[in-house]
Asks: 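The structure that follows is given in the form of structure tokens.
A note on names: the letters A, B, ... follow the listed sequences, proteins ahead of strands, and every chain is numbered from 1. It should be emphasised that the depicted structure is a prediction, and the values quoted were computed from it without experimental measurement.
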2 protein chains.
Amino acid sequence: MRSDVKPDRRSRDNARVTITDLSQALSLTKGTVSRALNGYPDISETTRIRVIRAAQAMGYRPLSQAQAIKTGRSCSLGLVIELSEHDAHAPFLAEFLAGLTQAASAEGWTLTIATSESEGDTLRIMRDLILHRKADGFILPRVLWDDPRIAFLDREDAPYICYGRSKNHVETSYFDAQSEVSMVEAVTWLAQLGHERIAYIGSASHYAYAHLRRDGYRTGLAQEGLAFDPALMIEEVLDPEEAAKATRQLLALEQPPTAILCATDTLARGVYDVAHEMGLQIGSDLSIVGYDGSPEAQAMWPRLATFAVDNRKAGAALGAMLMARLRDLNAPLQQELIAADFRPGGSTGRPGKMPEELAQHVIRLTADPIRND
Amino acid sequence: MRSDVKPDRRSRDNARVTITDLSQALSLTKGTVSRALNGYPDISETTRIRVIRAAQAMGYRPLSQAQAIKTGRSCSLGLVIELSEHDAHAPFLAEFLAGLTQAASAEGWTLTIATSESEGDTLRIMRDLILHRKADGFILPRVLWDDPRIAFLDREDAPYICYGRSKNHVETSYFDAQSEVSMVEAVTWLAQLGHERIAYIGSASHYAYAHLRRDGYRTGLAQEGLAFDPALMIEEVLDPEEAAKATRQLLALEQPPTAILCATDTLARGVYDVAHEMGLQIGSDLSIVGYDGSPEAQAMWPRLATFAVDNRKAGAALGAMLMARLRDLNAPLQQELIAADFRPGGSTGRPGKMPEELAQHVIRLTADPIRND
DNA sequence: AGAAACGCCGAAACCGGTTTCGGCAACGTG
DNA sequence: CACGTTGCCGAAACCGGTTTCGGCGTTTCT
């Protein structure tokens, strides 16, 4: 197939079909071919079809770099990852990237990713990426409640889509998991197991999701008719170490909680540590629920009950949304929500001390690796 | 067309400095400026310095896209991630990307990443990326023992650097952690604790590292004067589930091992599961060592003793190596190795049953979160 | 029927660079 | 002093596209 015309091995270097090749094959000018492919109105439908057919047949695909210098659009999505974060994006990143690149490359687009060390750095990098046409728009991971990136990109007039709902998300395009609903479900789950004192360990409130999940927790309590005790809610917790401290504080209360709900799996790690340290049986003495469905949760014992977010799907959706927006800058806002799936684990059970054997038994039952995909 | 509505749109135009701007400011022609900056020999040193000064002062940086269409090089590194893998690249990816993008953007280069679903897909995508100038060369993560990507890229005459040592790594440029040395260290560590029956659970042998680590295990045994028992070595283990099966098999032996060394942390997860299932005290009844230093290891209890690989450093090094190669295609091979740091954890201890209290004590001692860095 | 209004395409400029070619001045040389 | 060299730079072509402009042949309108 490849050597039909040119048997010379070296000719493979020139394998790419250019618009000139195409125009010569069609006996048209470059300009006409270009306009035909780009949907200009001054091309007859007959010609347009002829051009598109030939393009397909010859496998022509424009060189996006060449387009970029004239049009300013390079068909690439930008993603700037901030590294300084406490809870590194580690767990969610791989799947997220998978979805993103899949969506992008399906339409011949590219993903440009960069890393930054600080907030100011992020803005500088984004401007640079736009200026150098390495990104036409951005996907904003881990949106903050009051996110400087949003203000910045609005000012720069650069398109973007948020992963998460910021303070004024009503005015932005976003994709997000309904983690507030998950928190309600978690409370319900625990309440139905018999828990009445359910604590909450939340993350730093500059994250957008911190607000949503906290509210979800409180909604859940209200819904189950449980009183809200401020002593049971500890926020602004950054990492497992701080979560451990919070846990000690909670368990030292006169009326300690029988269950702890964590805003993230990573925080739950700290709770586990303390439980082990104090010799508590997780799943009976203390029930724990996390959020994220991260690999970490799979490594804990007993398995952490958590809510799995399909980050690949999120990436794909965000990619598609951004491309749509870049194609038509005047398109209306796009807002999409998905639900996270509850993934039970041995970390939850009926509250209160049980006979040792029974507790063991319960753990066995609920801690089985999840089989149903 | 439609943006006629916004009249002041142009005002925002943060004028990128083009080579034309620069040439006009210097009263030179575009061509001269270009040659001056690109080190052509027919430019006087005086002029060259003048141009470089002005470029710096005006903040000129060439638009890589524009360069690309003429030179064919787009100043971007390619990374194709295969998703089908059992042990998804999840844990190592984030840090790795951080290093990679850091190295790249420090020199104004870009990282283009794509994902593929299969091996054939990967090759197809790589060709496509080269053809469309989205990547000048590639970084090959998770090199296989007999890697089709290497053969393919050699054939295509495309530059690349391996993360890992393949079968004939002597002829390739690579960066790798000396995991074989780590395996020796692990055996030594266990032997010094008093273990004599040390088992090994290895991963699929198509991975390059599987060979190295297996050999390291055997070298370690020899070095410690321990006999090699084929029954204690199980290979081709893909995931935690299979590792669990292997563990059951090992513990069912007449003379079961007192310690299990795993090729990866992920596999160690399976061992943990079985230990918990059988009520074994990890760190006394059974010692476990992993490799990778992944976040998972931090989530296990007691902490998994493992070897931490600095993946960010790896990414940075690989990026630098590839850029060096792309700048000078005739450069000699570059080969670099680093050592992984042993990160002790509560998962190892002296072999054999101990009094319950003592065992607990040992766990306490060794399971403390690692404080030093 | 003549003029105006299309529909459709070619020609050429343009984008931001790189690279080839040729010419002019200064230089060395016999 | 005439004559090649050499050093240095301008002019222009080129890369692979996009976009503006103008002109030609048909319709349509009056």
Asks: Considering residues at least two apart in sequence or located in another chain, which fulfil the side-chain contact (heavy atoms from CB on, under 4.5 Å) criterion with Ile52(A)?
Replies: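 Scan of Ile52(A) (side-chain contact (heavy atoms from CB on, under 4.5 Å), adjacent residues dropped) gives Leu37(A), Arg48(A), Gln56(A).
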Asks: Ser27(A) near the nucleic acid: base, sugar-phosphate alone, or nothing, with a heavy-atom cut-off under 4.0 Å?
Replies: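 Sugar-phosphate, backbone atoms only, no base.
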Asks: What does nucleotides 14-19 of chain C look like as a protein-contact string, B for base, S for sugar-phosphate only, - for none, at under 4.0 angstrom between heavy atoms?
Replies: BBBBBB
Asks: Write out all pairs satisfying salt bridge (charged side-chain N to carboxylate O under 4.0 Å, His left out) with one or both partners inside residues 109-118 of chain B, taking only residues at least two apart or from two chains.
Replies: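 As it turns out, there is no salt bridge (charged side-chain N to carboxylate O under 4.0 Å, His left out) pair with a partner in residues 109-118 of chain B once direct neighbours are skipped.
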Asks: Pairs in or reaching into residues 17-39 of chain B: which pass salt bridge (charged side-chain N to carboxylate O under 4.0 Å, His left out), with residues at least two apart or in two chains?
Replies: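 Passing the test, one end in residues 17-39 of chain B: Arg35(B)-Asp42(B).
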Asks: Applying side chain to side chain donor-acceptor pair (under 3.5 Å), name anything that partners Thr29(B), two or more places apart in sequence or on another chain.
Replies: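 Counting only residues at least two positions away or on another chain, Thr29(B) forms a side chain to side chain donor-acceptor pair (under 3.5 Å) with Thr32(B).
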Asks: Within the 3.5 Å criterion, strictly below it, is a donor on Thr101(B) or Thr115(A) matched to an acceptor on the partner's side chain?
Replies: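 The answer is yes; a qualifying pair exists.
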Asks: Could you tell me the separation between the CD atom of Glu45(B) and the P atom of dT6(D), rounded to a whole number of Å?
Replies: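 That distance rounds to 20 Å.
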Asks: Is a donor-acceptor contact shorter than 3.5 angstrom present between the side chain of Asp42(B) and the base of dC9(D)?
Replies: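 Counting by modelled atom types and ignoring angles, a donor-acceptor contact under 3.5 Å is found here.
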Asks: With sequence neighbours left out, write down each residue that passes side-chain contact (heavy atoms from CB on, under 4.5 Å) with Gln334(B), or none if nothing qualifies.
Replies: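 Gln334(B) satisfies side-chain contact (heavy atoms from CB on, under 4.5 Å) with Ile161(B), Ser173(B), Met321(B), Ala324(B), Arg325(B) once adjacent residues are dropped.
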Asks: Which angle, rounded to 10°, do you find between the first-five-pair axis and the last-five-pair axis of the helix from dA1(C)-dT30(D) to dG30(C)-dC1(D)?
Replies: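 So the angle between the two local helix axes works out to 50°.
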Asks: Can you sort out the partners of Asn168(A) under side-chain contact (heavy atoms from CB on, under 4.5 Å), two or more places apart, ordered by chain and number?
Replies: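 In terms of side-chain contact (heavy atoms from CB on, under 4.5 Å), with neighbours along the sequence ignored, Asn168(A) is linked to Ser166(A), Glu171(A).
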Asks: Looking at Thr47(A), does any N or O in its side chain come under 4.0 Å of the phosphate oxygens OP1/OP2 on dC8(C)?
Replies: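 Checking dC8(C) against Thr47(A), no side-chain N or O comes under 4.0 Å of OP1 or OP2.
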Asks: State which residues pass ring pair (Phe, Tyr, Trp, His ring centres under 6.0 Å) with Tyr174(A); sequence neighbours excluded, sorted by chain then number.
Replies: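 Ring pair (Phe, Tyr, Trp, His ring centres under 6.0 Å) list for Tyr174(A), sorted by chain: His169(A).
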